[in-house]
Amino acid sequence: MTQLCGSFGHRCHTLESTSSSGGCAGRAMGRRARQQRALALLPVCLALTFSLTAVCSSYWCEGTRRVAKPLCQDRPGVLHCIHYSRGSSDNGSQAVQYIWEMGDDKFVQRRFHVGLWQSCEETLGSTGENCRSFQSVIPAEEQGVLWLSIGAEVLNILLTLTSAVLLGSRVRHHSGLHWLKVDASVAILTVLAGLLAMVAHMMYTTIFQITVNLGPEDWKPQMWDYGWSYCLAWGSFALCMVASVMATSRYTAARRELAEKKSGQKGSRHSPQDFQKPKASEIVWETEAAPSPAGCALISVSKHLPPEAPGKVSMC
C-alpha cells in the first residue's frame, strides 16, 4: 500500500510539473503571437504617418527661381539689390541712374517649395516666406485634376486608418473577431490605399510639370527637383503594398491550417473498422485444458455438443 501511494504521489507530481510547463509554454506562445500581430501593425502605422506628413507639408517639389534684383535705393549695406548712383540735370527734374551690375549679376536665385495646398518662396533680405495657394498658380483647366489628386490622397489616408484600426483591435483583443476576415479586409484595404496613392502621386506630378511649362511668369522655376514630402508619399505607397502582402500571407496560411484540421477531423471520424464485434448468436466454447501423454492435450467441451459426442477432444 505504501509503494502504491508513493507511486501515485510521484505520478501526481509529474502531472503538476507537466501542467505548469504547459502553462509557461502557452504564455510564451501568447506573447509571441502578440508580438507578431504588433509587427503586422507596424507598416500600416508607418504608411499612415507618411501619408499624413506628406499631405500636410509643402515640400513635394523644391528648387530655385531666377528673379531680377530690386534697386537698393541708396542703401549700400543691403544685399541682393542693384547698387546705382544718381546724376543731376540742369533743371533737376530728371535723374540719371548708373547701374553697375551686368549680365547675371542683375539676377538672384530665390528658393521655393510647393505642396498640394500652397507654394512658398523665400523673401529677399529677410528670413520669412511669401506663400500663395497652389491652385491659383496652375492653369484653370488643370484644377479639376488637382482636386482629384487631393481626393485620392484623402481616401488613401482613410483606408489606411481603417486598416490600422482593424489590426489594432486584433493586437489588443485575443478573441471576439474572426481573424481570417480581418486579414482579408486588411489585405483588400491596404492594396486599394496603395493604388489610390500611386494614382494621386502620378496626377500631381503631371499637374506640376504642366504648371512649370504653362504657369505664370512670376512663378516659373529655373531648376526644380522632388522634395522629401514626395519621397514620403511614395514610401507610404510601398508600405501599403508590404502590408497587403503580409496580410494575404497570413490569410493564406490560416486557411491552409484550417483546411488541414478539418480534413484530419473528417479522417478520424470516418476511420475504417477492421474488426467486427462477435455476434451474440455465435457459438462460444468454454475449454479447459487437461494433461495428456505424448504431448497431446485433452480439451473439455462443455456446451453445444450433441448428447452422444464424447466430452473430451484430443488435440496434438
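Numbers here simply count residues along the sequence, with the first being 1. Side-chain atoms are counted along with the backbone in the values below, which use heavy atoms only and exclude waters and symmetry mates.
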Trp228-His113 aromatic ring centre distance below 6.0 Å: no
Check: Phe208 ring centroid to Trp224 ring centroid under 6.0 Å: yes
Check: residues 161-168 side-chain donor-acceptor pairs under 3.5 Å, at least two apart:
from	atom 1	to	atom 2	distance (Å)
Thr162	OG1	Leu158	O	2.9
Ser163	OG	Leu159	O	3.1

Heavy-atom side-chain contact between Ile210 and Ile138 under 4.5 Å: no
Between Trp60 and Tyr204, ring centroids under 6.0 Å: yes
Verify same cluster id: Met241, Trp234 (apolar side-chain graph, 4.5 Å): yes
Heavy-atom pair of closest approach, residues Ala47 and Cys240: CB-SG, 3.9 Å
Salt bridge (charged side-chain N to carboxylate O under 4.0 Å, His left out) partners of Glu217, counting only residues at least two apart: Lys220
Pairwise distance CG(Leu239) to OG1(Thr49) - rounded to 0.5 angstrom: 9.5 Å
Arg255 and Asp183 ion-paired at < 4.0 Å: no
Closest approach of Cys131 to Gln118 (non-hydrogen atoms, all atoms of both residues): CB-OE1, 3.9 Å
Under 3.5 Å side-chain donor-acceptor pair for Tyr230 and Thr205: yes
Contact check, side chains of Pro216 and Val137, non-hydrogen atoms, under 4.5 Å: yes
Passing option when Asp218 is tested against Arg132, Arg65, Arg110, Arg66 for salt bridge (Lys or Arg N to Asp or Glu O under 4.0 Å): Arg132
Electrostatic pair Glu260:Arg256 at N-O distance under 4.0 angstrom: no
Trp219 side chain reached by Ser119 side chain, heavy atoms, under 4.5 Å: yes
Val44 and Thr160: CA distance, side-chain angles, deciding distance, side-chain contact (heavy atoms from CB on, under 4.5 Å) verdict: CA-CA 7 Å; Val44 180; Thr160 309; 4.1 Å; yes
ILVMFWY cluster, Met246 and Leu189 together (side-chain gap under 4.5 Å): no
From CD1 (Ile207) to CG (Leu146), nearest 0.5 Å: 5.0 Å
Check against side-chain contact (heavy atoms from CB on, under 4.5 Å), Leu148 and Met203: CA-CA 8 Å; Leu148 284 176; Met203 284 193 295; 4.0 Å; yes
Between Ser58 and Trp117: side-chain donor-acceptor atoms closer than 3.5 Å: no
Val145 with Leu195, same ILVMFWY side-chain cluster at under 4.5 Å: yes
Cluster overlap Val242 with Leu192, hydrophobic side-chain contacts below 4.5 Å: no
Under-4.0 Å salt bridge between Arg111 and Glu121: no
Phe112 side chain near Cys120 side chain, heavy-atom distance below 4.5 Å: no
Point-to-point distance, once rounded to the nearest 0.5 Å, from OH of Tyr59 to CG of Leu232: 13.0 Å
Pairs flagged by salt bridge (charged side-chain N to carboxylate O under 4.0 Å, His left out) wherever residues 138-161 is involved - sequence neighbours left out: none
Inter-residue atom distance Phe237.CZ - Met198.CE, 0.5 Å rounding: 5.5 Å
From Ile157 atom CD1 to Leu48 atom CG, the distance as rounded to the nearest 0.5 Å: 7.0 Å
Hydrophobic cluster membership, Leu42 vs Val245, 4.5 Å side-chain cutoff: no
Heavy-atom check, side chain of Ser229 versus side chain of Thr53, under 4.5 Å: no
Pairwise distance OH(Tyr251) to CD1(Ile188) - rounded to 0.5 angstrom: 8.5 Å
